[in-house]
Amino acid sequence: MPKHSTQADTVIVLDFETTGLSPDMGDRAIEIGAVLIEQGEITASFQELMNPGMKVSAFIEDYTGITNTMLRDAAPCEDVMERFSDFIAGHNLVAHNASFDKRFLDAEFARMSCAYSGDFACSLLAARRIFQNAPNHQLGTLVKYTNIPSVGSFHRALYDAEMTAKLWMAMLENIGERYGLFDLSFSLIQKLSKVPKKSVHAFLEKC
DNA sequence: TGCCAGGCCCTCTTTAGGGCCTT
């Protein structure tokens with residue numbers, strides 16, 4: 001879908017579980033989870049395990065709870081990513097530490113000559129500016145810090161995507177209440193995420 | 001043989017180093 005047709009009032013929040021940290025070093029995706037936010041509510045979701053064609057390490061099995069046995073019968077990455085491409089078509093994208101998920105999305109899509117039209121925003125960069133007093137900016141810490149109810153398992157793709165989506169909405173609400181901004185655009189949060197921390201207040205005052 | 005990420009961001013900075021965050 002051409003870039004100019006990206007829907008401005010919706011966003012997809014996504015999270016990858018992977019075999020490691022770097023697609024450039026041969027790491028692959030093993031699970032994708034995502035939710036669609038429309039008008040402040042989660043209205044759709046996507047979750048699939050995928051077979052990376054290699055064994056995952058004991059560390060990854062322990063870290064994610066995703067075992068080699070679970071992946072043995074999963075669909076190949078290419079099949080899952082083709083379905084995921086349809087799910088995200090036309091939407092802007094959000095992830096916690098988006099540079100990580102963007103690298104894997106780009107790498108998996110590059111293997112199948114697939115592209116996407118949306119822009120990325122990073123909930124980690126935004127949270128570092130909006131919640132400057134949080135103990136740290138790991139997803140789990142921010143979920144507790146913002147009193148988001150949490151009853152699932154972190155480090156599974158759909159749950160992390162859901163928690164990131166709720167964090168994203170909490171950040172929009174926080175800015176809205178503090179600065180009287182109730183028509184926050186995706187691009188404004190992108191710009192906020194590049195503002196020096198000490199200039200965040202002045203930036204939002206001008207909006 | 002041994003090693004292996006990358007981007008952001010702060011500071012004791014910019015001719016650099018190291019912590020944070022993601023799996």
Side-chain angles (χ1 to χ4, degrees), chain A residues 11-35 46-71 74 77 80-81 84 88 93-111 119-146 148 150 152-168 170-171 189-203:
Chain A
V11 65
I12 295 274
V13 184
L14 64 93
D15 182 72
F16 277 105
E17 304 305 319
T18 70
T19 63
L21 293 172
S22 174
D24 290 340
M25 300 293 289
D27 287 316
R28 299 293 304 272
I30 59 173
E31 187 182 45
I32 179 67
V35 297
F46 184 103
Q47 179 185 33
E48 283 202 50
L49 291 170
M50 55 189 117
N51 188 331
M54 58 198 282
K55 294 267 188 184
V56 301
S57 67
F59 170 80
I60 293 297
E61 284 189 316
D62 186 56
Y63 186 79
T64 64
I66 299 170
T67 65
N68 284 297
T69 302
M70 294 164 67
L71 295 173
C77 294
V80 174
M81 294 308 297
F84 188 61
I88 67 174
L93 307 169
V94 169
H96 201 66
N97 199 9
S99 66
F100 174 86
D101 293 278
K102 184 178 187 301
R103 279 199 303 278
F104 276 94
L105 183 66
D106 290 348
E108 293 297 341
F109 274 2
R111 287 172 172 267
D119 284 331
F120 260 98
C122 178
S123 57
L124 168 64
L125 297 182
R128 280 177 173 162
R129 287 157 177 80
I130 296 168
F131 300 127
Q132 297 192 18
N133 294 325
N136 60 58
H137 296 86
Q138 296 172 21
L139 179 59
T141 301
L142 289 167
V143 165
K144 281 185 185 174
Y145 185 75
T146 53
I148 294 170
S150 171
S153 299
F154 282 104
H155 308 306
R156 286 301 300 268
L158 181 58
Y159 190 73
D160 281 4
E162 288 174 346
M163 291 297 101
T164 302
K166 289 180 179 178
L167 173 64
W168 179 258
M171 289 193 289
I189 304 299
Q190 281 182 312
K191 289 176 186 173
L192 172 67
S193 298
K194 295 177 183 175
V195 170
K197 279 186 183 178
K198 59 186 177 183
S199 304
V200 167
H201 178 69
F203 173 83

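Lettering of chains follows the sequences in order, A, B, ..., and the numbering in each one begins at 1.
Comparing dG6(B) with dC12(B), their P atoms sit 29 Å apart, to the nearest whole Å. Taking atom P on both dG17(B) and dT1(B), the two are 31 Å apart, rounded to the nearest angstrom. For the P atoms, the distance from dG2(B) to dG18(B) is 24 Å, rounded to whole Å. On the C1' atoms, dC8(B) is 25 Å away from dC3(B), given to the nearest whole Å.
Comparing N136(A) and M25(A) by the nucleotide of DNA chain B that holds the closest heavy atom to each, the one mapping nearer the 5' end is M25(A). Between Y63(A) and S193(A), the residue anchored closer to the 5' end of DNA chain B is S193(A), taking for each the nucleotide with the nearest heavy atom.
If you check every strand for non-hydrogen atoms under 4.0 Å, T19(A) touches nothing. Residue contacts for L139(A): at a heavy-atom cut-off of 4.0 Å it reaches the sugar-phosphate backbone alone, with no base atom in range. Residue contacts shown for I60(A) include a base, since a base heavy atom lies under 4.0 Å away. At the heavy-atom level, D27(A) lies nowhere under 4.0 Å from the strands shown. As judged by a 4.0 angstrom heavy-atom cut-off over every strand, D101(A) is placed among residues making no nucleic acid contact.
The aromatic rings of F16(A) and F104(A) sit tilted, their planes meeting at an angle between 30° and 60°. H155(A) and Y63(A) have tilted rings, their planes meeting at an angle from 30° to 60° on a 0 to 90° scale.
Residue H96(A) places no side-chain N or O under 4.0 Å from the OP1 or OP2 atom of dC21(B). Distances shown here put a side-chain N or O of H137(A) below 4.0 Å from the OP1 or OP2 atom of dC21(B).
Set against dA5(B), dC21(B), dT23(B), the side chain of R103(A) has dA5(B) as its closest nucleotide. Among the nucleotides dG6(B), dC20(B), dT22(B), the one closest to the side chain of Q138(A) is dT22(B).
Of the possible donor and acceptor atoms, one in the side chain of N51(A) sits under 3.5 Å from a partner among the backbone N and O of L71(A).
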